[in-house]
Amino acid sequence: MLRLENISAAYGYLQVVWDVSLEVKKGEAVSILGLNGAGKTTVLKVIAGIKEPKGGKVYFDGEDITGVSTDKLAAKGLAFIPEERNLFNAMTVYENLVMGGYTKDKVTVNRNLEYVHSLFPRLKERDKQLVGTMSGGERQMVAIARGLMSNPQLVMLDEPSMGLSPQNTLVVFDALQKLREEGTTILIVEQNVNTTLQFVDRAYIMDQGRIVLSGDSEALRKDDSIQKMYLGMG
Amino acid sequence: MVNILITALLRGGMYSLMAVGLSLVYGVMNVANFAHGEQYMLGTYFGYFCFMGLGLNPFLCFILALGGGFFIGALTEVVIFSPLRKRSGRNWLMNTFLLTLGLSMILKSGTKLLFGNSYRGITSYFKGTVSLAGFSASKDRVIAFVIAVVVIAVVMVFLNKSKFGRAIRAVSMDATGAQLVGIKLKRIYIVTFGLSCGFAALAGAALLSLTPAYPSNGTQVLYASWVVLILVGLGNVGGSIVGGILVGLLETICIQYLGAAWQDVFALSVVILILLVKPNGLFGKGVKSSVE
Ligand SMILES: Nc1ncnc2c1ncn2[C@@H]1O[C@H](COP(=O)(O)OP(=O)(O)O)[C@@H](O)[C@H]1O
Ligand SMILES: [Mg+2]
């Protein structure tokens with residue numbers, strides 16, 4: 001479904017991603033883990049067309065989407081839920097969700113609204129609240145729900161649990177679990193290692209701009225050296 | 001007193017229309033447009049040549065000015081801003097200031113070259129006056145005011161209720177977020193700048209009997225529009241409407257009691273006072289670019 005070949009990326013003269021190749025198959029949940037500054041966000045931004053890569057290719061559904069502009073991805077079935085959320089703060093929850101279905105017709109938008117409301121009942125209660133006035137957890141729910149409004153086949157999330165209370169983290173991961181059961185493919189970047197490894201099938205570990213390890217979550221969870229080296233929980 | 005209020009309202013309506021356009025462009029595109037006055041100026045020429053040259057119906061003249069302004073604005077986005085956006089990084093806002101300042105000079109000089117320095121005015125589009133409660137104003141003024149009110153109302157409905165209008169507001173709040181949901185920024189920018197220039201040109205055409213067409217007639221209007229924006233807070237479209245009327249009121253009071261020569265001094269002094277107390281403008285919340 002998604003394949004990266006030898007992606008490298010730089011900010012000005014400073015290269016921060018080297019030779020990253022990875023693959024996410026249809027129906028899988030895969031994670032990119034790593035310390036702060038490892039280059040995870042940059043990789044996601046390259047996939048989403050927000051950051052132009054220095055080299056390498058991105059394939060989505062077999063199609064080369066390297067450098068394709070961000071506004072085309074929603075229609076192709078790719079949703080990116082960034083760390084910064086990028087919500088429309090002076091709009092209501094409802095308006096944000098409707099904007100999420102920008103590329104869809106009215107009937108689909110209404111159907112999807114019902115779906116995301118069933119996923120996050122709280123958003124239905126807060127229909128008319130301005131998103132700018134919401135808490136971090138609620139904003140994350142809006143961000144995920146807005147991303148789902150375009151019927152994506154692949155959902156990419158950048159640190160969805162960042163700044164969230166344990167309860168809200170649970171709500172978010174429960175929703176992701178439901179998505180997964182319905183067959184949506186998920187690529188998730190996290191620092192919350194243990195929760196994430198319990199959730200995903202496979203993971204790639206990034207350090208200083210490179211992928212240094214990859215494997216089944218089961219194996220990674222048992223790997224002592226990883227727990228010590230990268231995740232600081234010996 | 002009632003006279004002053006009505007005069008202020010009539011004067012302010014068009015300032016509101018100008019300021020709404022300027023504000024929209026600032027909020028959505030992050031462009032500080034200093035050629036807004038020249039877009040007004042072009043409107044006065046549109047109005048003059050359509051009315052005097054072609055002898056068209058005044059309303060048709062206004063529509064043509066609006067359309068012509070829209071076209072010039074859209075062209076400006078495609079030819080000038082779009083290439084700049086690709087190359088300009090951190091200094092974008094400053095670059096737009098310099099670029100539009102240059103554009104303003106080119107338009108001013110170009111018009112001078114083409115049409116000379118002479119005044120081309122009309123005495124009125126519509127003869128006669130309208131009187132109301134013992135107050136009378138020229139029909140032209142009243143009609144210009146009504147046009148401003150109608151256009152602003154249509155714009156507000158468009159921005160809040162239509163799909164494309166909502167997309168414009170979305171871009172003003174978060175351009176990356178807008179792209180993520182599938183909004184094409186290019187189209188939004190073209191329409192936004194087109195509308196803004198169209199409104200300025202419409203204002204110019206509608207006020208032709210008050211300000212004749214000549215190359216530098218946009219300068220004072222540009223200042224007034226920026227005064228409105230700074231007064232209410234940058235990028236606040238809703239506030240710009242109130243702000244336009246307020247500036248109209250300030251000027252009217254000044255002309256009445258101090259003399260016309262003082263109107264800029266007076267308006268700017270009031271702005272300085274307000275900014276001392278409320279640095280983000282009257283309705284500013286310190287949040288960048290919210291089109292409300
Ligand atoms: N806009 C930027 N300009 C310059 N350097 C950046 C920018 N964004 C990220 N970086 C640098 O790139 C590296 C990788 O960052 P990022 O991809 O955000 O890592 P992660 O998401 O894994 O924390 C870091 O060293 C960071 O400082
Ligand atoms: Mg990151």
Side-chain angles (χ1 to χ4, degrees), chain A residues 11-12 44-45 47-52 68-92 94-106 109 112 130-133 139 142-152 155-158, chain B residues 23-24 26-28 30 82 85-91 156-191 232-240 280 283-292:
Chain A
Y11 294 99
L44 290 191
K45 284 189 172 165
I47 301 171
I50 295 170
K51 168 101 190 106
E52 212 163 311
V68 164
S69 76
T70 307
D71 55 57
K72 298 212 172 72
L73 296 180
K76 288 188 193 294
L78 202 158
F80 176 40
I81 292 134
E83 200 176 344
E84 300 90 357
R85 325 299 201 225
N86 296 98
L87 295 170
F88 310 127
N89 283 332
M91 285 188 185
T92 62
Y94 173 81
E95 284 179 303
N96 267 271
L97 297 183
V98 170
M99 290 311 300
Y102 191 74
T103 54
K104 299 284 174 253
D105 62 85
K106 252 201 172 118
V109 167
N112 291 353
L130 291 184
V131 163
T133 65
R139 289 168 58 77
V142 177
I144 295 175
R146 188 185 69 178
L148 295 178
M149 287 295 294
S150 59
N151 300 335
V155 179
M156 302 197 295
L157 304 107
D158 196 357
Chain B
S23 190
L24 204 57
Y26 183 83
V28 175
N30 207 13
S82 177
R85 203 172 285 119
K86 290 200 186 84
R87 297 204 251 128
S88 172
R90 241 158 290 168
N91 293 323
M156 293 318 270
V157 171
F158 167 70
L159 285 178
N160 287 294
K161 298 287 175 231
S162 75
K163 187 170 176 179
F164 199 83
R166 281 212 199 101
I168 291 179
R169 286 171 60 225
V171 172
S172 81
M173 293 171 213
D174 197 309
T176 304
Q179 283 187 292
L180 284 174
V181 302
I183 294 169
K184 301 201 174 357
L185 295 185
K186 243 182 208 164
R187 284 186 207 170
I188 301 283
Y189 292 152
I190 288 175
V191 172
V232 299
L234 296 174
N236 183 336
V237 172
S240 307
N280 288 322
F283 310 117
K285 289 173 232 122
V287 184
K288 204 214 107 225
S289 49
S290 50
V291 178
E292 286 162 82

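A, B, ... follow the sequence lines: proteins, then strands. Residue 1 opens every chain.
Between the side chain of A:Thr70 and the backbone N or O of B:Leu180 there is no donor-acceptor pair closer than 3.5 Å. A donor-acceptor contact shorter than 3.5 Å links the side chain of A:Arg139 to the backbone of A:Val131. No donor-acceptor pair under 3.5 Å is formed between the side chain of A:Asp71 and the backbone N or O of B:Lys184.
In this structure, no portion of A:Ser150 lies under 4.5 Å from any heavy atom of chain B. Proximity to chain B is absent for every atom of A:Leu73, based on heavy atoms less than 4.5 angstrom apart. Of the two parts of A:Lys106, neither the backbone nor the side chain holds a non-hydrogen atom closer than 4.5 Å to a non-hydrogen atom of chain B. With a threshold of 4.5 angstrom between heavy atoms, A:Glu84 does not approach chain B through any atom at all. A:Arg85 does not touch chain B: none of its heavy atoms, backbone or side chain, sits under 4.5 Å away. Residue B:Ala167 touches chain A through both its backbone and its side chain, counting heavy-atom pairs closer than 4.5 Å.
Contact check for A:Met149 versus A:Lys104: no side-chain heavy atoms found under the 4.5 Å cut-off. Side-chain atoms of A:Pro152 and A:Leu148, non-hydrogen and from C-beta on, do get closer than 4.5 Å to each other. Proximity of A:Met99 to A:Phe88: side-chain heavy atoms (C-beta onward) are separated by under 4.5 Å at one or more points.
Interface check for chain B: of the options A:Gly49, A:Gly132, A:Gly100, the most heavy-atom pairs under 4.5 Å are formed by A:Gly100.
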